[in-house]
Protein chains: 2
Amino acid sequence: MARALSVVGDRWTLLVVREAFLGTCRFDEFCHNVGAARHIIANRLAALVEADILQRVPLAPESRRQSYELTPKGRDLLPVVISLLQWGEKWAGPQLASPLRFLHEDGGTVTPELICDTCQSPTHPADLHPAFLPPASPA
Amino acid sequence: MARALSVVGDRWTLLVVREAFLGTCRFDEFCHNVGAARHIIANRLAALVEADILQRVPLAPESRRQSYELTPKGRDLLPVVISLLQWGEKWAGPQLASPLRFLHEDGGTVTPELICDTCQSPTHPADLHPAFLPPASPA
DNA sequence: CAGTATCCTCGAGGATACTG
DNA sequence: CAGTATCCTCGAGGATACTG
């Protein structure tokens, strides 16, 4: 987890990732929507490309224009983003005018749950306790 | 989400919260396990108490000794911590000797899932798209 | 449009020592 | 044990202007 945080653990990086989930893909859009200085955004985007969370896709052969898109590794951050989002909406102040949700194909909203691998049902955080598992022994 | 990140969005804070989930509750334990300078830990613990994520519980009447414990708001961060943990283990390098898991009462490990509120089944991040919902209209 | 360059400030955070 | 105090450095990041 320390390593996960060393990649996405600063104020701007996760905001950039969230923007990418919202469909933002151009440099100036990131600058405008995230609201940080240009070289900060340039720096974060480069770091995220380096970390294989975003990838640059050229938009036209002879142009410098390009699109920043989430890689599979990046898309896998969605549960983190959604968990944080929901926690923020639940606890961090009065609800926003238009809360952000992620919708399934059938139009349903999505809720993050912690599913028990044994009983297959959603669990409550208070019912869980930490453990360090031994590495899976090769059979 | 920006507000959520303004509370827990720095390198140390989430590590402190994770420590708390692991059962750490004493000042010197946090210093040792998190590995940051003492005044940083003091600062983060105070901020987390201020944000109602941790609470101080006196251990003895005439002593300064106290225990830092997660509040309900703090315990609600578990999905964020677990999502980050799993993402880190999946993507951020070779697996650790003893991966950290959270266990349910029946001993089962727990997996973060995004459950569709309509079809009730786990979804894949690639099948989701963002939307800003209008605020619930009062009936 | 997609950056790079430059300047400047201030706060984060390490190291170390001290305190009731 | 649970902090506070002090000193010091360096990098984060805002503002602004420039470039192909």
Rounded to the nearest angstrom, tell me the gap between atom [atom1] in [X] and atom [atom2] in [N].
{"X": "B:N43", "N": "D:dG3", "atom1": "CG", "atom2": "C1'", "value": "13 Å"}
{"X": "A:I41", "N": "C:dA5", "atom1": "CD1", "atom2": "P", "value": "18 Å"}
{"X": "A:F30", "N": "D:dG13", "atom1": "CZ", "atom2": "P", "value": "17 Å"}
{"X": "B:Q66", "N": "D:dC1", "atom1": "CD", "atom2": "P", "value": "13 Å"}
{"X": "B:D28", "N": "D:dG3", "atom1": "CG", "atom2": "P", "value": "9 Å"}
{"X": "A:R11", "N": "D:dG14", "atom1": "CZ", "atom2": "P", "value": "7 Å"}
{"X": "A:R38", "N": "C:dC7", "atom1": "CZ", "atom2": "C1'", "value": "18 Å"}
{"X": "A:D10", "N": "C:dA12", "atom1": "CG", "atom2": "P", "value": "14 Å"}

Of the nucleotides [options], which has the atom closest to the [X] side chain?
{"X": "A:Y68", "options": "D:dA2, D:dG13, C:dG3", "answer": "C:dG3"}
{"X": "A:H39", "options": "C:dG3, C:dT6, C:dG14", "answer": "C:dT6"}
{"X": "B:A42", "options": "D:dT4, D:dG14, C:dG14", "answer": "D:dT4"}
{"X": "B:R65", "options": "D:dG3, D:dA2, C:dG14", "answer": "D:dA2"}
{"X": "A:F27", "options": "C:dG3, C:dG14, D:dT4", "answer": "C:dG3"}
{"X": "A:I40", "options": "D:dG13, C:dC1, C:dT4", "answer": "D:dG13"}
{"X": "B:R64", "options": "C:dG20, D:dC1, C:dG13", "answer": "C:dG20"}

Side chain of [X], backbone of [Y]: donor and acceptor closer than 3.5 Å?
{"X": "A:W87", "Y": "B:K73", "value": "yes"}
{"X": "A:T109", "Y": "A:L103", "value": "no"}
{"X": "B:T123", "Y": "B:I115", "value": "no"}
{"X": "A:T24", "Y": "A:E29", "value": "no"}

Which helical stems does DNA chain C take part in, if a stem means at least 3 consecutive Watson-Crick or G-U pairs with both distances below 3.5 Å?
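The stems are C:1-20 with D:1-20.
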Could you please spell out the steps behind the side-chain hydrogen bond (donor to acceptor under 3.5 Å, both in side chains) verdict for B:R56 and B:Y68?
CA-CA 5 Å; B:R56 285 186 247 254; B:Y68 286 90; 2.8 Å; yes
Side chain A:R26 and base C:dA2 donor-acceptor under 3.5 Å:
no
So do the side chains of B:N33 and B:L22 get within less than 4.5 Å of each other, counting heavy atoms only?
no
Would you say C:dG13 has OP1 or OP2 under 4.0 Å from some side-chain N or O of B:R44?
yes
Please name the residue in the list B:H124, B:Q86, B:K90 that meets the side-chain hydrogen bond (donor to acceptor under 3.5 Å, both in side chains) test with A:D76.
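Answer to the side-chain hydrogen bond (donor to acceptor under 3.5 Å, both in side chains) test with A:D76 among B:H124, B:Q86, B:K90: B:K90.
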A:G35 or B:L59, whichever maps to the more 5' nucleotide of DNA chain D:
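This one resolves to B:L59.
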